[in-house]
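Heads up, the thing below is written out as structure tokens.
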Amino acid sequence: MSAEDDEPVNTICPYCGVGCGIKVNQGDDPGDVNFMPWGEAPVNEGRVCIKGGAATQVVDHEDRLTEPLIREDGEFREATWEEAYSRIVSEMEGIRDEHGPDAMGFFGSSKTMNEENYLLQKIARRYGTNNVDNCTRMCHASTVWALRTSLGAGAMTNSMADLEESADVLWIQGANPGEQHPIANSQYFRQAVLEGATVIQVDPHANKTTRSFEIDETERHMHLQLNPGADIPLLNVVLKTILERHEEEPDAGWIDEGFIEERTEGFEDLKETLEDFDKEAAAEEAGVPLEDIELAAEKYAMANNAAIFTGMGMSQHTCGVDNVQNEINLALITGNLGKPGTGVNPLRGQNNVQGTSDVGAMPNVLPGYQLVDDDEARESVEDVWGFEVPDEPGLTNVEISHEAGRSVKGLYVMGENPIMSEPDGNEVEERLRSLDFMVAQDIFMTETAELADVVLPATTWAERGGTVTNTDRRVQRMRGAEKVHENTKHDLDILMEVGSRLFSEDEFRFDDVEAVFEELREVCPIYHGMTYDALGETGIQWPCYEEGDEGDQYLYADSFDTESGLGQIEGVRHQPPAEVPDEEYPLILTTARLEEHYNTGTMSRRSPTLSRQHPENFVDVHPNDAEEYGIEDGDMVTLRSRRGEIEVKAQVTEDIKEGVVWTTPHFAASSANRLTNDVLDERAKIPEYKAAAADIAVT
Ligand code: SF4
């Protein structure tokens, strides 16, 4: 690291999944670090949003954890690292002896790096359990499921760089890049629009994306403001319209018959699903005029290249997998896959949200998405690790929280804050209180760490090196400046020590972070060809199977990575959200994040620049609802669901649909997740954050 010679280090912004490069400038003292633009950064060429520019503000924050803490008689006391490690090892061994290995759960984090998550999941597997998961479960587990099973890889099919040259239509559904991926929006999306691309936004909320392209004010772009949870009816209207028009004008190019014939299977199933489909009723269910959906269908189908961008408005539903499958259906029947400017592209929320799953911090897959119940794949990993891995998928993170104090007795949390990030936070808090033992490894005393038995002070993103993988599969190196607090430790060093003490030095002691990456790439086929040298300053987009491969800007040029090599079309039918409005809770609550805050706010609430923009939570209420409930703009209101209530300031605005209220998860006392529903998509086990029944009243 070049901090030794006081040169700024090139690293990656710790916030969203765009993966912007920034420089960290090391001043005279360890705590004296500040942001500098990195003009040659591959993704962003020096541009950053407000979060990136403020990222170094929390590195030397007065709230930093600086010493290990151990709970004794209900209170924390400072402890030595030796005491902390001894307690962790004896408690974890005790839990395994008494209750078996599945009584422990492990939470990785997309705020930490590939090497760290790799080592955490290796510890879990060596302990004897697949109960290891990460926050990807909360944001895109359903997207990953649908993409992996129908196309082959659980990731963006294309790249941000594809767009500006090639895309004619950007179909953005349930995502708000103007707010959550600002540089993707202002750089890549904007450039595509300047080159002539049309934006079709599908979202219940008018937001920064709407305003950044003046979508509501032009005829060229469209905003389909649908009801939360009505994505399948809306997309089925799109699909049905395309099929009907193709019947009327077979040569007009409504569908790509050659592509369907040669590269897909399941088209007949889709046609059958839509045979008796009632477009008028579905448009009404969606809350969008039928002719608007038909026009959007025409714009998409008639584009040379149309790219779909999908976000948590799609994934965080009990029908999340089906929602994304329907986007895949749309892309497949129109031949919008396997070439630049097309695809189905999840916009990922955190700087390492792709990598955390890539490296196997998930209960059903090992590094490189190799299934734990695939004997051949599992044995190939076991050969490298030298120990057996359980062959049944473990519990997901929401399931682990549900089981806390029941079948799960202990929890190891690295960089996560489940009390605020998981739905039904009040219940999560109660469950975590009933654990026998919890370790929290973090940079601040989070709401979750408050309940832990051992708290380990970790270094921040700016103080350590490793790799992260951004939203378009680009594995990039992070580099650290000097450590601010002497007695903090890098996450990787903590895990090496815990693993070595619990098991053996041979398995868990590495010379440095690069040595961990070397083992990772040995067991992770999609990373196999990468070395630290090859990653250099630009990174590599996986898959990279052999040294010398340059990676792929877009996937599936020749075939899909499914068993048959064909893309899987599968018709899906509407399933309403698990909770719909009723007399007691007559509104639909939906949630989303703000540009100036980051998930549970652990870092962004402590950043003066960011918290100044939004110091407190608020709820968007439509003027007609405000009138009905006697709410004035700025009133404090109580927002209730079956799981709890929060007090927030009302913002009366036509940005939100009538009958829907919209708020955020960033603020501890008023987090939306005190209210959200913890019901799961059956396959992907992602919770339904985006639709719950709610009520509102002036406080
Ligand atoms: Fe950081 Fe994302 Fe902003 Fe880029 S767009 S500076 S990665 S928060």
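All values derive from a computational prediction rather than experimental measurement. When a ligand or atom number is given, it counts from 1 through the structure's own listing order.
Sorted by chain and number, the protein atoms of type N, O or S within less than 2.8 Å of atom 1 (Fe) of ligand 1 are C13 SG.
Using a cut-off of 4.0 Å between Lys/Arg side-chain N and Asp/Glu carboxylate O, E482 and R464 are scored as not salt-bridged. Between R593 and E179 there is no salt bridge, since none of the side-chain N atoms of the basic residue sits less than 4.0 Å from a carboxylate O of the acidic one.
Judged as a side-chain hydrogen bond (donor to acceptor under 3.5 Å, both in side chains), the pairs with a partner in residues 41-58 (not counting sequence neighbours) are, in order, R47-Q187, Q57-S607, Q57-T609.
A 6.0 Å sphere centred on CD of E550 holds no more than 12 heavy atoms belonging to other residues, nucleotides or ligands.
K23 meets the side-chain contact (heavy atoms from CB on, under 4.5 Å) test with P8, N10, M36, W38; sequence neighbours excluded. Every residue two or more places apart in sequence or in another chain that forms a side-chain contact (heavy atoms from CB on, under 4.5 Å) with D168 is listed here: A303, N304, N305.
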